[in-house]
Amino acid sequence: MSISLNPWVWIAAFLTLSMMSFLYKDNIFYKIGEHIYVGSSAAFMLIYLWYFDVKPKLIDGFINNTGFSRWILIIPAFLSLLMLMRFVRPVAWISRWAIAFTVGMGAGLGITGLLQGFLVPQIKATILPLYVSGHSTLMTIYLSLNNILLILGTLSAIVYFYFSKEHTGPVKKISQIGITFIMVAFGASFGYTVMARISLLIGRVYFLLHNWLGLV
Amino acid sequence: MREFLEKAGNIDRRIIYLIIFLAVATTILVKARFKSSPLPEVQRSYKIINDLPSGSVVMFSIDYDASSMPELDPMLRAMLRHCFKKNLKVIMLGHWPLGLPLGQLALDDIAREYHKKYGTDYVFLGYRPGLQAVMLNLGKEIRSVFATDYKGTPLDSLPLMRNVHNYNDIAILVGLEAGSVGDAWVQFANARFNQKIILGSTAVITPDLYPYLQAGQIVGLIGGLRGASDYETLVEHPAMASLGMASQTVVHVLIILLILLGNIGYFATRRKK
Amino acid sequence: MGIILPILIFLYSPFKGVKAFDTPDDGGGSITIKWELLKEDSSVMRYDVYRYESLKDTGVLIGSVLRGSNTYQDIGTKDGKQYWYRVAAIYPDTVLFSNLSSPAVSKAQWFNSKTKASLFILLFFGIVLFWFTEEAKKGKRTYIRKIAGLEAVEEAVGRSTELGKPILFVPGIGLINDITTIAALSILKRVAKKAAEYESRVIVPNFDPIVMVAAQETVKEGYTESGRPDLYNENDVFFLTSDQFGYAAGVDGMMMREKPGAIFLQGTFYAEALILAETGHSVGAIQISGTTSVTQLPFFIAATDYTLIGEEMFAASAYLSKDPLMLGTIKGEDLTKLIFIIIIGIGVILETFGIHIISNWFSIF
Amino acid sequence: MKREVPLFITFITGILIIIALFIPHKPFGQLQTTFNDWLIIVGGFTMILGLDSLLLHNWEKIKRKKEGWLSAAFLIASFFITLFWGFGEGIFFHRNPFDASATFLRYFYTYIFVPLQSTMFSLLAFFIASAAYRAFRAKDPNSTLLLSAAALVMLGRVPGGQAVAPWIFAFVLLLLAYYFFNESKKTSGTQQTVYIILAIITLILIYPVFYILLHYLNGIADWIMNIPQMAAKRGIWIGISLGGIAMSLRIIFGIEKTYLR
């Protein structure tokens with residue numbers, strides 16, 4: 001292989017190196033790359049939102065639906081209009097109505113999502129037997145110990161988040177166990193993520209050495 | 001000695017960046033590789049494609065985008081290489097519109113490498129919205145969803161497509177998956193039309209796909225960068241994934257050594273205080 | 001396909017036990033079909049499900065499932081109408097038909113029984129919160145333990161001012177309907193208030209336009225409450241881009257050029273969390289982070305000076321405002337936690353003795 | 001009006017969403033999807049507010065020739081080029097810019113957007129290394145556990161990790177023994193004895209640790225992820241759920257209204 005003759009590959013390589021140069025220090029190349037990125041990505045998101053969200057849901061929805069499901073689309077259109085009222089100083093406050101709708105959605109979904117998606121399943125998953133019999137005595141001890149650790153870790157971590165009581169005496173002891181579990185968890189998930197992050201760098205370096213310079 | 005130890009706890013971050021960059025770049029440049037025997041499910045996938053009679057049609061589905069590229073792009077390239085080497089015909093489509101150009105790039109690259117001709121040896125169909133409809137219609141007549149290829153050429157003007165109508169004419173379907181499209185392929189193409197499927201997937205979703213392999217609903221599974229590197233080994237063309245696996249190990253060990261160095265420095269300075 | 005042939009085959013068929021019933025806990029328009037798996041399920045390719053609108057009907061293929069599954073949901077039924085079903089096991093070379101199910105009628109339910117645990121928790125929690133806010137109104141004071149990350153807000157703002165540097169507040173990439181973002185805004189208000197007292201500048205780059213609007217109002221309010229509305233500059237609270245890494249690139253550039261003395265990373269963050277936190281550290285700023293994105297917490301813990309972990313962020317608005325009503329809700333949360341610990345404890349003991357009442361009760365399936 | 005109506009809208013929307021969870025019957029059952037569609041539509045339009053801010057902010061810089069005006073010009077130029085390229089493809093060539101044949105997707109997205117995005121994403125590889133180096137110090141028992149867990153999981157994930165890990169951990173134990181031994185020389189009496197015993201124990205531990213890691217490293221890494229890691233995460237999640245529900249209730253009932261001021 002030899003060096004690429006495709007001008008687009010050269011542009012991509014220039015942008016890649018510009019963004020990486022940031023690691024050394026802020027410089028003119030990073031500034032160029034950064035501003036191209038911010039500007040073009042803002043436009044890209046606008047185009048994307050139009051073609052994948054607004055057009056199919058509002059415009060196509062209005063054209064293709066009939067009756068109730070057609071006319072109900074007036075409400076989101078109206079809310080969108082309210083949002084844009086922010087440009088009209090005297091009535092800018094009316095945009096809060098639309099904001100209020102989104103916040104209400106968020107709060108409602110916050111409750112339903114957290115209840116049904118996290119709280120209830122997590123509690124159920126923690127209600128485990130303390131004794132599990134395995135193929136051998138050693139296995140029984142291992143499995144039972146795992147369950148005990150899971151329960152202890154979960155409950156002590158909950159105690160760590162106890163706010164309205166001073167952490168002294170037994171509460172302090174338990175919350176310290178909680179902190180220990182939390183620290184192990186953070187270390188483990190940090191270590192677990194490293195591989196995925198290195199993969200990304202490998203991808204970029206390979207692009208530079210292979211697609212652009214043709215060295216490998 | 002003392003001075004060195006103190007410095008060990010206080011390395012400039014730029015030196016760390018340089019070390020990491022050099023580690024990745026040199027392992028790729030010197031083509032360092034660690035021997036490991038390919039996973040059985042990857043070997044099986046390889047064998048199935050390898051045993052196809054020449055001229056059979058393999059369909060690739062690009063169901064990922066740029067963020068899963070480091071894992072799935074090398075997989076795609078290794079498999080395309082295998083297909084072209086064995087003189088198989090390739091049709092490419094996809095269900096993630098933003099990922100398709102990446103698939104097409106790989107297809108064009110590898111086809112050029114093997115001097116394959118567009119229309120006779122490979123065809124790029126592109127994307128059509130409506131995942132279910134596309135999959136089900138491929139069971140009857142591909143022309144009902146893809147009347148033309150991505151450039152607008154009618155399918156019948158492409159020699160390769162003249163005899164391709166539905167799943168019966170496709171020997172193997174290869175789905176490269178970063179999300180849930182793979183489940184739909186199994187659900188529709190395999191269950192409804194008994195299509196043979198090989199799935200390649202990111203490390204994150206691979207565990208979810210194992211049950212399909214065990215139940216025989218897919219015939220092969222290639223998971224993550226490891227799977228890709230195994231496939232590269234099998235086609236005897238080590239590329240990004242094989243080199244990547246070596247870099248992974250080197251960088252992981254380097255980070256551990258850096259942590260160790262940092263702690264040695266930390267204890268050395270702490271004792272002085 | 002006529003009905004005679006299937007019936008003939010059925011007489012000799014081992015494929016029985018097909019039942020059809022209204023899908024429970026739904027909004028109507030759906031019937032569930034269930035059958036007993038065939039013994040030789042592993043050699044079946046798939047099961048096809050046929051629907052009959054009357055006994056004389058020839059049946060319509062409505063869908064199929066993979067082998068190993070024994071249920072199918074027909075989601076195209078009309079409520080109040082009778083339907084019959086038959087399942088066909090498809091083998092590579094033959095087809096095996098089941099019995100015809102007894103008629104089923106779909107209807108909508110008024111309560112989703114899968115949510116009973118949620119409903120109970122919500123009602124209980126609501127009553128507890130109500131109780132404690134009422135107590136608070138009567139003037140009962142609530143103790144709240146120190147949260148290091150929030151105590152440090154003042155220190156960070158003060159130190160930044162001493163150095164003559166601006167303060168950077170990054171509200172993350174959550175939208176306004178993300179409650180974590182709203183929690184972040186209440187921290188922003190505190191920061192703005194302190195900054196106004198010290199006559200410092202607060203810069204807020206945004207990912208979501210509505211969050212930007214809310215942040216503008218929040219900062220203005222903070223400055224006004226400190227009596228310095230004149231210091232507020234709307235241009236300091238602005239929008240960057242809604243692309244995750246474009247935003248990270250922009251904020252990184254800002255950190256390098258403005259060299260803030262204090263950086264707040266508060267809100268919902270994904271992979272960009274560490275990019276921001278490491279860059280912030282490299283410019284020597286004091287950093288206070290906080291998020292409910294559990295996967296990003298390890299990186300904040302590693303790279304920033306103080307971190308608000310999960311729930312601590314939600315407690316922040318009560319903690320900072322010292323509003324008795326809000327503090328009351330914190331107390332309610334704690335009581336509920338205690339109850340949960342007790343329920344889990346009892347559940348664990350029962351479970352050990354093979355009694356599954358409590359764990360079954362928390363089933364959502 | 002300016003305050004009450006929004007609070008009322010928030011209240012009604014929130015309550016309806018909650019009701020929709022419990023009542024599948026019409027008209028409540030579909031509310032969540034309907035509202036979600038509306039939210040997406042409104043969200044699309046609000047982008048205009050953001051762009052107004054972004055463009056004005058940078059236009060000001062150019063007009064006043066403020067520091068960084070040239071970068072601001074780059075930003076505005078690339079914004080409009082992208083915008084015209086994307087929408088232009090739709091308007092003048094009547095094809096979706098996200099079509100496989102569209103130049104927008106084939107050139108702008110593939111050679112400009114993807115390199116920028118994935119390079120920015122790949123910087124994480126550097127930052128994760130520098131953060132680990134700086135922050136993982138064995139200052140106290142908890143931070144020692146944190147860094148050991150990280151090291152074990154990291155090595156347990158890569159091929160060859162199982163072969164390297166025993167040597168690294170043996171080396172650490174050796175260093176530790178040396179450290180204890182060195183400390184013992186500076187002290188006397190019982191303290192000295194304790195240090196010497198510690199040094200001996202550490203030395204003895206080298207063999208079993210070496211053996212266990214050589215054979216079971218992958219299993220240990222999985223165990224850390226599945227048991228202690230999972231336990232702590234559950235605890236954190238239960239806390240977040242409760243805090244989040246309380247926060248949402250405060251918003252719905254108008255106790256928390258920072259966002260409206």
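What you see is a predicted model, and the numbers here were worked out from it, not measured in a lab. Note that these values count all heavy atoms, side chains included, but never hydrogens, waters or copies made by symmetry.
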Check: Where does D:Q30 contact chain C at under 4.5 Å (heavy atoms): side chain, backbone, both or neither?
Finding: neither
Check: Which atoms form the tightest heavy-atom contact between C:E333 and D:A246, and what is the distance?
Finding: OE2-CB, 3.2 Å
Check: Quick check: does any side chain N or O of D:T46 sit under 3.5 Å from a backbone N or O of C:P209, one acting as donor and the other as acceptor?
Finding: no
Next item on the list: Select one option (side chain, backbone, both, neither) describing which atoms of D:M47 are under 4.5 Å from chain C's heavy atoms.
Entry: both
Note to self: Please classify the contact of C:T292 with chain D as side chain, backbone, both or neither, using a heavy-atom distance under 4.5 Å.
What the structure shows: both
Check: Does a side-chain heavy-atom distance below 4.5 Å link D:F127 with C:T279?
Finding: yes
Check: Nearest heavy-atom pair of C:I179 and D:G244: which atoms, and what distance?
Finding: CD1-O, 3.5 Å
Notebook entry, point to check: Is it the backbone or the side chain of D:I23 that comes under 4.5 Å from a heavy atom of chain C, or both, or neither?
Noted result: both
Item checked: D:I18 portion near chain C, given a 4.5 angstrom heavy-atom threshold -> side chain
Item checked: chain C contact via D:I251 - which portion, at a heavy-atom distance below 4.5 Å -> side chain
Next item on the list: Go through the atoms of C:N206 and report whether side chain, backbone, both or neither lie under 4.5 Å from a heavy atom of chain D.
Entry: neither
Check: Is C:H281 close to D:R134 at the side-chain level, that is, under 4.5 Å between some pair of heavy atoms?
Finding: yes
Notebook entry, point to check: Would you say C:F245 and D:T119 make side-chain contact, with heavy atoms under 4.5 Å?
Noted result: no
Check: Given the options C:I182, C:L325, C:L185, which has more heavy-atom pairs under 4.5 Å with chain D than any of the others?
Finding: C:I182
Check: Top residue by heavy-atom pair count (under 4.5 Å) with chain D, among C:M212, C:K220, C:E272, C:Q244?
Finding: C:M212
Notebook entry, point to check: Where do C:T329 and D:R250 come nearest, in terms of heavy atoms and distance?
Noted result: OG1-NH1, 2.8 Å
Item checked: Best-contacting candidate, C:E234, C:E311, C:M326, against chain D by heavy atom pairs under 4.5 angstrom -> C:E311
Next item on the list: Classify the side-chain pair D:S130/C:E278 by whether it contains a donor and acceptor separated by less than 3.5 Å.
Entry: yes
